[in-house]
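Whatever order the structure lists ligands and atoms in, that order sets their numbers, starting from 1. What you see is a predicted model; the values in this text were computed from it and never measured.
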Amino acid sequence: MNTEQQLATWLKSAFIAACGEEASELSIRVTPATDTKFGDFQCNDIMPLAKKLKKPPRVIAEAVVQALPLPPSIQKLEVAGPGFINLTVNPTWLAEQVAALSAAPRFGIPKEGEGKTVIIDYSSPNAAKAMHIGHIRSTVIGNAIDRLYRALGYQVIADNHLGDWGTQFGILIQGYRTFLTEEERAALTVESLERMYVQSYNRTQEDPAYLESCKAELVKLQQGDPENRAIWQRFVTISLDEFNRVYKRLDVGFDLYRGESFYNDILPETISLLQEKGLAVESEGALIVNLEADGMPICMVRKSDGGFNYAATDIATVRNRVTEFTPDRIVYVTDERQQLHFKQFFKVCEKLGIATSSLLPSPSSLPHLEHVWFGLMRLPEGTFSTRQGNVIKLDALLDEAVSRALKIVQESNPTMSAEEQRDLSEAIGLGAIKYADLSHDPQTLIVFTWEKALALEGNSGPYLQYAYARVCSLLDKAADQFGKLDMNTCVLRLDTPLEKELVLKLLQFPGTVSRAAELYRPNVLADYLFSLSQIYSSFYQQSPVLKSESDIRNSRLRLCFMVAQALQEGLTLLGIRTPRRI
Ligand code: ARG
């Protein structure tokens with residue numbers, strides 16, 4: 001049980017002692033105090049009981065506060081306002097609590113997901129196209145959610161649902177035959193594929209016969225023609241090699257790379273099932289699911305030319321995932337423009353009885369479907385968009401971040417070896433990009449600027465990396481001067497308000513990780529880390545460490561050590577490296 005849960009358990013017994021069994025069904029929560037002038041924690045859950053007992057909340061609060069002798073954890077209980085309870089805890093107890101976190105694996109992140117399986121479908125770019133900056137959010141946010149769930153003990157299956165099937169492959173295959181020389185075919189890259197696609201696509205717009213030939217190539221591919229299959233396979237392999245290079249650089253990994261093509265063979269039976277259940281009906285040659293009663297436009301599952309579409313593939317994918325992995329949840333991370341698509345096919349899956357997207361806990365324990373969408377990233381000049389032609393390639397963006405970071409590193413560490421400088425700038429540059437993305441609520445629009453992303457002050461990746469490295473260097477200095485300490489034997493003394501505040505903040509780490517995961521919002525963790533490092537920085541400015549008497553020094557060093565632990569765990573959960581030296 002974490003600190004808040006322990007306090008809540010005791011408080012609940014006080015509620016029962018004061019009000020009788022009526023209180024036993026209440027959910028009593030204890031949360032960090034909003035104003036630490038009046039206590040360390042607070043409880044605001046008296047209202048429902050007051051209603052039930054038809055008594056003023058303040059009267060109940062007074063009774064609760066006096067009902068039982070205080071336990072060793074609590075120093076003072078006070079009633080405030082119309083009926084809140086403020087709790088001031090015992091510093092010795094607080095010190096024990098934080099010491100337990102520090103000794104626990106991963107700073108006490110609860111293994112609350114044990115036995116549960118979550119599939120996370122993220123990044124999922126389209127083959128034969130270079131990943132552009134729009135893909136960074138799905139990759140970075142998806143990967144942070146992946147790391148959060150794994151840390152909480154869930155079995156996570158990260159699945160890259162590549163767009164490797166669909167009409168564009170007819171255009172690509174015909175383009176390959178028409179526009180590329182032998183040499184160009186041999187030296188194919190994602191970039192040349194993309195250029196060739198544009199050329200071929202333009203031709204389809206001007207030349208109806210050419211368009212027909214593209215469609216014919218697509219049909220051949222879908223029917224398993226060996227030559228077209230081989231060409232398609234090369235397109236996919238080339239794309240994957242390129243994507244994997246970027247993933248490796250970003251330290252992102254997947255358990256599965258099942259593209260849309262993986263589900264091709266089960267599309268017909270999926271559609272038949274929809275028909276048998278009376279869900280899919282013919283309409284103007286196409287097959288559709290009517291979602292009018294659910295307040296949504298129709299969901300097309302087969303086009304009038306007989307081709308299956310994106311929704312059909314996604315429904316088939318859910319069927320496959322559910323039977324193969326029996327997940328508790330399937331989480332999809334994409335940009336906001338796909339919201340309707342997900343709502344629609346989630347609803348179809350619900351009607352099929354294979355999954356649910358409702359927020360209420362489902363009695364049938366069906367797997368829960370969740371679409372985590374994010375707003376598009378903007379440069380001050382406008383949206384990053386393929387259509388507007390101002391595409392910034394992901395790779396180019398990362399290179400730019402690293403080279404900007406290198407300048408900073410060279411200035412601040414002129415004596416460092418060139419190799420170390422390069423490695424450090426990779427950590428800082430990529431950390432800056434990731435953090436710029438993760439420190440915002442995913443559903444807000446981000447205006448990206450280099451100045452903000454790479455700022456050494458303020459809420460940025462480099463700021464937190466520096467904060468971590470500074471704590472490490474302080475600990476190293478202390479070890480040099482006074483010998484290496486066994487942190488676990490240093491007695492924690494929480495004498496000053498800032499020391500106490502720091503510990504109270506550290507105690508929030510495990511709960512913050514749970515909340516960030518539950519809300520699918522890595523920014524909850526980013527905000528926490530930033531605020532922790534701000535408290536640390538005030539503590540450090542006001543509380544001499546190395547110049548203090550040995551018992552105070554050791555206590556403070558242990559506090560610093562714990563801040564380093566939390567920062568290190570937290571940044572790792574966000575996929576951000578933590579060099580010890582910057
Ligand atoms: N390939 C799609 C795109 O780039 C994203 C796929 C998301 N996942 C899914 N199961 N639909 O827009």
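Under the 4.0 Å criterion applied to side-chain N and carboxylate O atoms, Lys347 and Glu350 are assigned as salt-bridge partners. Of the charged side-chain nitrogens involved, at least one lies within less than 4.0 Å of a carboxylate oxygen, so that Glu569 and Arg106 count as a salt-bridged pair. Residues Asp146 and Arg150 are paired through a salt bridge, judged by an N-O separation under 4.0 Å between the basic side chain and the carboxylate.
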task: Show your working on ring pair (Phe, Tyr, Trp, His ring centres under 6.0 Å) between Tyr197 and Phe169 and close with a plain yes or no.
output: CA-CA 9 Å; Tyr197 175 81; Phe169 285 97; 9.0 Å; no
What are the atom names and distances for all N or O pairs under 3.5 Å between ligand 1 and the protein?
residue, atom, partner, partner atom, Å
ligand 1, 1 (N), Ser124, O, 2.8
ligand 1, 1 (N), Asn126, OD1, 2.8
ligand 1, 4 (O), Ser124, O, 3.4
ligand 1, 4 (O), Asn126, ND2, 3.4
ligand 1, 8 (N), Asp121, OD1, 3.1
ligand 1, 10 (N), Asp121, OD2, 2.9
ligand 1, 10 (N), Asp314, OD1, 2.8
ligand 1, 11 (N), Tyr310, OH, 2.8
ligand 1, 11 (N), Asp314, OD1, 3.4
ligand 1, 11 (N), Asp314, OD2, 2.8
ligand 1, 12 (O), Gln338, NE2, 2.8

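A donor-acceptor contact closer than 3.5 angstrom is absent between the side chains of Glu336 and Trp373.
Within the structure, every pair that satisfies the side chain to side chain donor-acceptor pair (under 3.5 Å) test and touches residues 522-532, not counting sequence neighbours, is listed here: Lys505-Ser531, Arg521-Asn523.
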